[in-house]
Amino acid sequence: MNRLTHSFPAKVTAVFLFVISVMVFVSGVIGIYFLSEYDFYESSMESARNNVFEKITRAYANRVYYNYLPAYLNKSHDLQRYANEFSADNTNFLFVIKDEEGKTILSSYENQEVQFSSTYHYEDGDYWYDEAKDSFVYNKTASHTIECYVSKILTANDRYSTAEFWMQFAYSMRYAAIILTAASLIFSIMLFIFLMCSAGRRRGKEDIIPGGIDKIPFDLLLAILFVIGVLEFAVISEIHYTDTFGMVLIIISFLILDVLILLLACMSFAVRYKLGGWWKNTIIWRFLHFNYRILRRILLGIKYLLQHLPLLWQTTLGLAVLSFAEFFIIVITEHNIGILLIIWLLGKLIFIPAILYITINLHQLKIGSQRIAGGDLEYRIDTRRLFWEFKRHGENLNNISAGMSKAVEERLKSERFKTELITNVSHDIKTPLTSIINYVDLLKREEMEEGPIKEYVSVLDRQSARLKKLVEDLVEASKASTGNMVVNSIRTEVGVLLTQAAGEYEERMRDNGLELILNKSEDEIFIMADGRLLWRVFDNLLSNICKYSQPDTRAYLNLEKVNNQAVITFRNISKYPLNITSEELLERFVRGDSSRSTDGSGLGLSIAKSLAELQNGRLDLVIDGDLFKVIITFDAMP
Amino acid sequence: MYNILICDDEKDIVSALKIYLSSENYNTYEAYTGKEALQIVRNNEIHLILLDIMMPEMDGITAMVKIRETTNIPVILLTAKGEDTDKVLGLNVGADDYITKPFNPVEVLARVKSQLRRYLHLGGGSIKSSSLRIGGIELDDKAKTVTLDGEAVSLTPKEYDILKLFMENPGRVFSPKDIYNRVWKEPSYGSESTVAVHIRHLREKLELDPAEPRYLKVVWGQGYKIERGGES
């Protein structure tokens with residue numbers, strides 16, 4: 001196939017065959033049209049033959065009546081010619097001419113066997129103007145009847161025999177014609193497809209190569225074809241009815257020419273299509289394209305100018321144009337209040353929706369900025385409905401919140417990572433620490449004299465215990481501060497929890513020479529909290545009190561309901577001067593004393609604060625001289 | 001002589017535990033991976049296992065599951081993982097107790113002793129009709145005595161009454177006020193913290209680690225209870 005599509009002779013052959021095939025198809029269609037006109041498909045040969053014979057017979061009868069009869073009556077010199085023409089040798093047409101009385105005037109009928117008969121009446125007469133009646137009057141002068149026959153056996157070579165021959169042929173071919181037409185149509189289509197495929201192909205070349213014709217703008221080509229068609233039509237209408245045979249010849253040659261031209265156009269189109277952008281090589285497109293470029297430049301220029309005017313100037317310009325238009329309208333309609341009113345109304349119809357639209361845009365921006373300012377970083381302003389500067393403003397706000405939420409997310413990720421790191425590292429620290437603690441303990445069990453070695457072992461013991469506490473606190477602090485902790489908040493009675501906590505610590509307090517005084521209201525106060533976590537808060541705070549309180553003082557633990565809030569206050573007198581701010585104390589690893597000699601990690605307060613916040617509570621520190629105060633606030637429940 | 005298997009990938013920890021357990025006259029076996037532990041359990045008569053969770057080749061949880069397929073001996077898990085979820089997982093797959101690293105050797109010994117006593121002496125032992133039992137705690141109301149894992153515990157009368165209240169109602173949470181009303185038999189008038197102190201003492205006497213009680217639990221913000229099935 002590839003070889004065929006690229007072969008020039010194959011293409012020429014295909015064109016040749018295509019033209020023939022199309023011609024066969026066209027003639028087939030015409031033939032079928034006539035066949036069906038003569039009822040060849042629906043009725044028998046007989047009626048079709050009668051149809052045709054009727055037409056021929058009338059023509060012969062006319063010739064007999066208008067030519068032969070006058071010659072016979074006048075005995076003119078043409079008589080012999082006509083007698084010869086209508087002799088049995090030359091025609092199968094037989095006739096009997098009778099006058100009004102039925103008397104035979106002229107006859108060629110001698111009782112031969114006939115297959116077709118027909119009778120025609122002729123009248124002679126003239127019109128003359130009757131003045132009395134003021135109208136034309138017809139006056140019959142003579143009337144004749146012609147009985148016509150066609151002999152059964154068509155011996156003579158005349159129009160009957162020709163018609164009979166063609167009729168026989170057509171009748172026998174009436175179905176073959178359909179098949180032939182259909183076959184030629186299919187063949188034409190196949191050839192057409194082949195030609196379309198091979199269009200632009202050349203032997204030995206892979207690419208599509210446009211020919212000279214393909215360089216002509218396509219619409220120009222179509223116009224040329226159209227002009228050729230018009231010219232052909234003019235020629236045909238000029239030579240009409242002069243020469244039947246010549247006309248048929250001309251029509252056929254024109255038809256072939258048209259088929260060729262159309263085929264050429266189609267092939268050219270195929271080449272253009274294969275090359276892509278077939279519409280580009282048209283005058284119309286070039287024209288539009290050229291103008292579009294100019295128009296676009298102008299529009300872009302105006303747009304650029306407008307966009308780069310400051311917002312204030314844009315608005316000013318718009319208002320100025322508007323005012324001028326209004327002024328203009330007022331001036332030209334100064335005498336017609338009605339038109340002015342209509343225009344005013346129309347103006348309002350445009351302006352009110354526009355202003356409402358602007359207001360809606362502003363409202364949307366306001367809502368969006370409020371949400372973003374309120375911390376909802378996931379919120380995005382729907383900028384599809386916004387326009388102009390509002391759209392840009394909305395997009396900017398969206399970008400801000402996107403940037404912020406990304407930052408927050410990254411921060412959370414890094415916090416989580418930190419917690420994970422601390423947890424894992426502390427696991428790894430715990431294993432060697434276990435060995436240290438165990439072997440220090442074993443050392444302690446060894447019989448040892450009082451002296452430096454025993455002292456060293458006790459230092460090891462103390463410090464390893466501290467290290468253990470530090471590691472545990474570190475994990476807890478990192479979990480609490482990143483919220484990496486399960487909180488099961490339920491309705492909890494704070495009073496009970498305080499009683500329990502005080503009970504746990506009473507003896508330790510006493511051992512440290514402290515007195516714990518618990519003051520709470522008789523009413524039960526409920527809050528939403530996770531008892532276990534809240535106990536850890538109290539545990540840390542009470543443990544701090546034990547460690548850092550001046551001995552022989554009192555520590556107060558208060559619970560009261562203030563403004564629908566449960567307020568828990570821890571108060572104690574510090575052993576060490578608190579030369580530090582409360583903010584600094586809450587920082588991790590900071591302790592009130594600078595010596596860092598006692599046990600504790602310095603994380604207790606920070607953990608307590610984080611845990612309180614995890615349960616939606618608050619923890620505040622107040623330092624007043626040596627008075628150290630921790631205030632925990634929770635929303636009270638009804 | 002009881003045979004105790006110590007299984008930990010850290011050699012020093014195994015040696016230390018071996019020293020402690022030997023000093024208490026226990027016979028020890030050593031394993032450094034879960035596989036070795038399984039091998040020893042199969043070939044020897046072991047009475048208790050101290051099992052580390054994070055080990056190469058086969059971790060403690062997997063070894064635990066395999067051991068439980070064949071034997072019922074007490075297993076105490078040792079691990080650096082202190083998370084609650086890890087503890088629950090360990091106990092769910094069949095561990096009897098759980099000790100987090102870094103541990104106190106005295107506590108380890110106490111727990112070992114407790115588990116062995118319960119496993120060897122009290123397993124299926126008959127309960128006197130007058131006595132109540134929760135886990136290793138037995139309270140004989142006639143004799144007014146309390147034993148923990150078979151050893152007598154001396155309690156004050158108030159502590160005894162509180163414990164009796166709990167043991168008669170296992171799983172039920174009593175608020176400090178409730179306890180005061182029922183034990184002291186008078187209105188509390190704000191002296192509930194006395195209850196808290198008593199319970200603290202009770203915990204110190206009955207629990208190996210009062211901060212992580214097995215039986216006498218503090219329900220913070222609600223009250224106190226004794227666990228229905230002993231440890232959980």
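Chain letters run A, B, ... following the sequence lines, proteins first, then strands; residues in each count from 1. Note that the structure is predicted; figures quoted are calculated from it, not measured.
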**Fill in**
d(B/D52 CG, A/T434 OG1) to nearest 0.5 Å is 9.0 Å
**Item:** Intermediate values then yes/no, side chain to side chain contact (heavy atoms under 4.5 Å, CB included), A/Q500 and B/Y224
**Value:** CA-CA 9 Å; A/Q500 290 175 317; B/Y224 305 91; 3.0 Å; yes
**Message:** Salt bridge check, A/E504 against B/R203: does any charged N sit closer than 4.0 Å to a carboxylate O?
**Reply:** yes
**Asked** With only heavy atoms counted, which part of B/H198 is less than 4.5 Å from chain A, the side chain, the backbone, both or neither?
**Response** neither
**Asked** Atom CD1 in A/I437, atom NZ in B/K101: separation rounded to 0.5 Å?
**Response** 12.0 Å
**Complete:** Cut-off 4.5 Å, heavy atoms of chain A, and the answer for B/S15 is both
**Request:** Would you check if B/Y20 and A/L442 make a side-chain contact, meaning some heavy-atom pair closer than 4.5 Å?
**Result:** yes
**Fill in**
Contacts of A/Y505 meeting ring pair (Phe, Tyr, Trp, His ring centres under 6.0 Å) (sequence neighbours excluded), chain-then-number -> none
**Request:** Side chain from CB out, backbone as N, CA, C, O: work out which of these in A/E507 comes under 4.5 Å of a heavy atom of chain B, or both, or neither.
**Result:** side chain
**Prompt:** Roughly how far, to the nearest 0.5 Å, is the OG1 atom of B/T79 from the NZ atom of A/K430?
**Reply:** 8.0 Å
**Point-to-point distance, once rounded to the nearest 0.5 Å, from CG of A/N438 to CD1 of B/I19** = 9.0 Å
**Separation between CG of A/D539 and CH2 of B/W220, rounded to the nearest 0.5 Å** = 7.0 Å
**Asked** Side chain, backbone, both or neither: which part of A/I429 has an atom under 4.5 Å from a heavy atom of chain B?
**Response** neither
